[in-house]
Amino acid sequence: MSRRVRQRRVDEDRMNKVGSPSYLVRGGEDLAPTLQESVDWTSLSYDPMLQVFTLLDNRDRASLASTCKAWRSLGASPHLWRSLDLRGYKFDHSVAASLANRCADALQKVTFRGFDSAAALVNLNAKNLREISCEDCNLTDATLSMIAARHEALEVLELGPQSCERITNDAIKVVAICCPKLKKLRLSGMRVVNYEAILSLAKHCPQLSDIGFVDCFNINEEALGKVVSLRYLSVAGITRNINWKFATESWEKLPNLTGLDVSRTNIDHVAVSSLLRSSQSLKVVCAVNCPFLQDDADFNPDRFKGKLLIAMFNNALNGMASIFEENSKEMPKETTLWLECVLSRTLLLSAERNSLGLSSFWQSHGAKLFLRLMQSSQEDVQERAATGLAAFVQVDDYEKASERAQAVMRDGGIAVLLKLAGSWKEGFQSEAAKAIAKLSLNDNAAKAVDEEGGVDVLLGLAMSKNRFVAEEAAGGLWNLSLGDAYKAIAQAGGVNVLMELIFRWPYGYGRLMERAAGALANLAGDDKCSREIAEAGGVHALVMLIRNCMYEGAQEHAARGLANLAAHGDSNNNIAAIGQETGALETLIQMTNSHHGGVKQEAAGALWNLAYDEKNIELISGLGGVEALVALAKSCMDASGGLQASAAGALWSLSHSEENSIVIGREGGILPLVTLARSQSADVHRAAAGALWNLSFNEGNALRIVEDGGTFVLVRICVSSTSKMARFLASLTLAYIFDGRLDKCVKENTRKSVWFADIKKRALKTIERFTKNYMNPQISETAASSSTPSALAQALERVCIQEADILRCSEEEIGRFVTMLRNSSPVLKTIAAYALLQFTIPGASHAKHHASLMQTARNAKLLRSAAAAKCMPRDASICVKVVLRNLEHHHQP
């Protein structure tokens, strides 16, 4: 049988927002500062306590305000409720009504996500609201019109990605009429923005200076030329339907136009030249990722003195750092801030969409630009830059991903991200944690994150009350635990933090559950960590997660966690504990019928490891596990190698029982195992050959293997598999099949007898070839004649099959090989001696067990007789002598 640690891995996922870090537990010591004496916090003056309140998120602020009258008064301070970021919270009508009591008069800026949040916004009764920013809202005309009608003082309205697809020009007209103080309007994803809507904005919003119609299908270029108050205009992402001749003629007449963003459009050098030359006020044109402009090799933007064209083909991006400096004389601060906004948006979208043809640009400028923008004074720019950096390093090409991660580290990116993650602002924490998680997929970056204290930062964020923050932090821990950083996570109390995530959050948050389970599964690959997880209730947590969380990624990694907990054999009691956990085995058996390949693979992998325990074998069998796994083996012929190996491996473990072996044969499990053994994967070879070896102990199964074409497959494995263990197991199976038991079954049928004799002849030649390839008579003879245990160990190290350490044979199986030493076939004698040598090598996991079985059966006398027999092949005789030396070694007190 085989127990295997399920590989540490992560979904590219594989991969939203954070609360204030809590104190961590390291080695049982609380890292929170210890107060030497009690402090009456209510006696502190107003200003220091107000500062403390400003560092809390909305939830903690409200909670603290409910503790006493003094703090209730502080919590109601208008200073605390001028801005709300509600993206990480469930924001509905009831929450809005609750918040209205605190912030109705003070609130000036609100950021939220989702359609329900937009509909609830009016319940805040925030009549003095100045700024509204929403993401992924998919607003309707009715909702947007209601928002505009209730907030006449509105100055900034930004409706982000996936928010405007259902909005029509009628709603834009309502916004224009209801919000005359509007200064900035940014709409993303509208289909058409017509002449009347834009003209209404020009007529009713005289202070409107910043317009962005981004990723829209069509806009009216002429109407934009009539918004005379316009200073900054973005039409990024409109790849068709812009008539650049009409656009330049209209926009060059705008008296105040200072900045123009045409990134990701089909603008060419003619339009750019016309705008830069004709517009007296225009100072900056941002044209990043404009293919038509980049393809014109003769275009020289440097001839426009005092004006800046930012594109991927010129040197402007090399000078971005100096342009963004606080006291830069090259550009007014207002223009610099606008440029940071449009650049951060364009770079983020280009990185997320992995736009073609930008490899050279990313390699030269990507890391520097994102890191520079992360140090902006504008919070939304910092967030987008961190998100963009995460997308920047996440590419399918391993070499490119490694180069980008190295660029981030070279430019000091790890420290910048950790500083941002340490902020009290949840949006910063979330996006920084996401970037750290993506970087941590690179080994060198993960090491740098660990060395610079990233583990403690992520563990603190994982305890956030904000789900998005906890989710991204868990993702970072998941990726870090793929490598050596798992040790630091464990030492810093990571097991308790991850367990808390699973217990504290509802199972409906599937991505969060998946990441926490993935990190725990990786930690469980270590023996010491697996014991800690089990002691902390990890078995129950993972079983409940599989049963109650419908997110298949979470089920997959929870099952992998159970597999890893059970992978450490006799070193701990986890295998028995999982078997005794109510519903654990039943749930895993049910998961083998999942529609998700990963879930099936990990559930079968867990059963593979759990069936190492005889009691578990009995329980799994009683719950229908044998039949379920045979069905899985039949259904996974076209599945991944991992699933095939797990299905075959689970049957390998269960077939250790003679009763299960018979059931597998009766249920038709041999043919699918033979078919799986034809795989190109060495892991599948190993598992399928192991299962067939166990099954071939039974005479009926051995005959079925022959009839189903199994001998030809085993011969091929024995000759060509890249796994030495698979070759060994295939040889043992062939030895079982052709040791003489089946001769009587085929003797009566002459035709069948001839056919069987031909197959047997080929099988024995294959076994002989295997033993000659892997047996070294000189080394074996050295081992047989060695005078000291150390000399014996050195000799055996060179002939042993390392993976054979996992094989644990029964008394009957050992007896079978001992009896085979007296077989008339020299080939079978040799493979039997070689097998007994492998099973008794000192230091192997089950060598003492095997030696004890042989001593109890008093096989030593028979072994000595066999070693001295003249008919015994020389190689076999030497191996038997080594086995006798091994028995002497194990017999020593």
Side-chain angles (χ1 to χ4, degrees), residues 1-7 521 524-527 530-531 533-534 538-539 542-543 559-581 584-589 591-592 601-623 625-626 628-629 632-633 645-661 663-664 673 683 686-695 697 725 729 732 801-814 838-839 844-850 852-853:
M1 289 185 294
S2 169
R3 297 183 328 286
R4 305 186 65 196
V5 173
R6 309 302 298 160
Q7 181 183 8
D526 176 79
D527 186 20
S530 74
R531 289 197 295 270
I533 292 170
V539 172
L542 292 171
V543 170
R560 185 168 65 90
L562 291 174
N564 283 355
L565 286 174
H568 304 285
D570 300 330
S571 65
N572 59 47
N573 298 318
N574 290 349
I575 292 180
I578 296 171
Q580 293 166 9
E581 176 67 30
L585 297 177
E586 183 179 5
T587 300
L588 288 169
I589 292 169
M591 289 299 102
T592 63
Q601 175 179 330
E602 300 304 343
L607 291 169
W608 181 357
N609 287 351
L610 288 166
Y612 186 76
D613 178 80
E614 292 184 4
K615 181 64 175 176
N616 283 345
I617 290 178
E618 183 180 336
L619 292 171
I620 292 169
S621 304
L623 291 168
V626 176
L629 287 163
L632 177 61
S646 293
L651 289 173
W652 180 8
S653 289
L654 288 170
S655 61
H656 188 68
S657 157
E658 178 68 13
E659 293 80 3
N660 289 342
S661 181
V663 172
I664 292 170
L673 285 168
D683 286 341
R686 187 186 305 111
L692 291 171
W693 175 45
N694 280 352
L695 291 168
F697 192 85
M725 177 67 165
L729 291 168
L732 297 185
I801 300 173
Q802 295 294 337
E803 292 178 272
D805 172 82
I806 62 176
L807 300 177
R808 181 183 175 96
C809 299
S810 66
E811 180 181 353
E812 292 78 9
E813 288 170 319
I814 292 294
Q838 298 297 330
F839 298 152
S845 298
H846 306 295
K848 286 187 177 181
H849 164 73
H850 296 147
S852 176
L853 292 177

Counting C-beta onward and ignoring hydrogens, is there a side-chain heavy-atom pair between [X] and [Y] closer than 4.5 Å?
X    : Y    : answer
L729 : L807 : yes
L588 : L610 : yes
I578 : N609 : no
E812 : E658 : no
K615 : I575 : no
I589 : I620 : yes

Discussion item. Could you work out, with salt bridge (Lys or Arg N to Asp or Glu O under 4.0 Å) as the rule, every residue matching E659, not counting sequence neighbours?
Written reply: none
Worksheet item: Going through the distances and angles, do E581 and T587 end up as a side-chain contact (heavy atoms from CB on, under 4.5 Å)?
Response: CA-CA 11 Å; E581 176 67 30; T587 300; over 6 Å; no
Please check: side-chain N/O of [X] versus main-chain N/O of [Y], any donor-acceptor pairing under 3.5 Å?
X    : Y    : answer
Q838 : I801 : yes
D527 : H568 : no
H656 : Y612 : no
Q580 : A577 : no
H850 : I814 : no

Worksheet item: Applying the side-chain contact (heavy atoms from CB on, under 4.5 Å) test to V626, which of S661, S621, S655, S657 qualifies?
Response: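 Option passing the side-chain contact (heavy atoms from CB on, under 4.5 Å) with V626: S621.
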Worksheet, complete the sentence: Paired with L651, the side-chain contact (heavy atoms from CB on, under 4.5 Å) test is passed by just one of L695, L673, L607, namely L673
Discussion item. Please report the interatomic distance SG(C809) to CZ(F697), rounded to the nearest 0.5 Å.
Written reply: 10.0 Å
Fill in: Candidate pair L542 and L565, rule side-chain contact (heavy atoms from CB on, under 4.5 Å), full reasoning
CA-CA 10 Å; L542 292 171; L565 286 174; 3.9 Å; yes
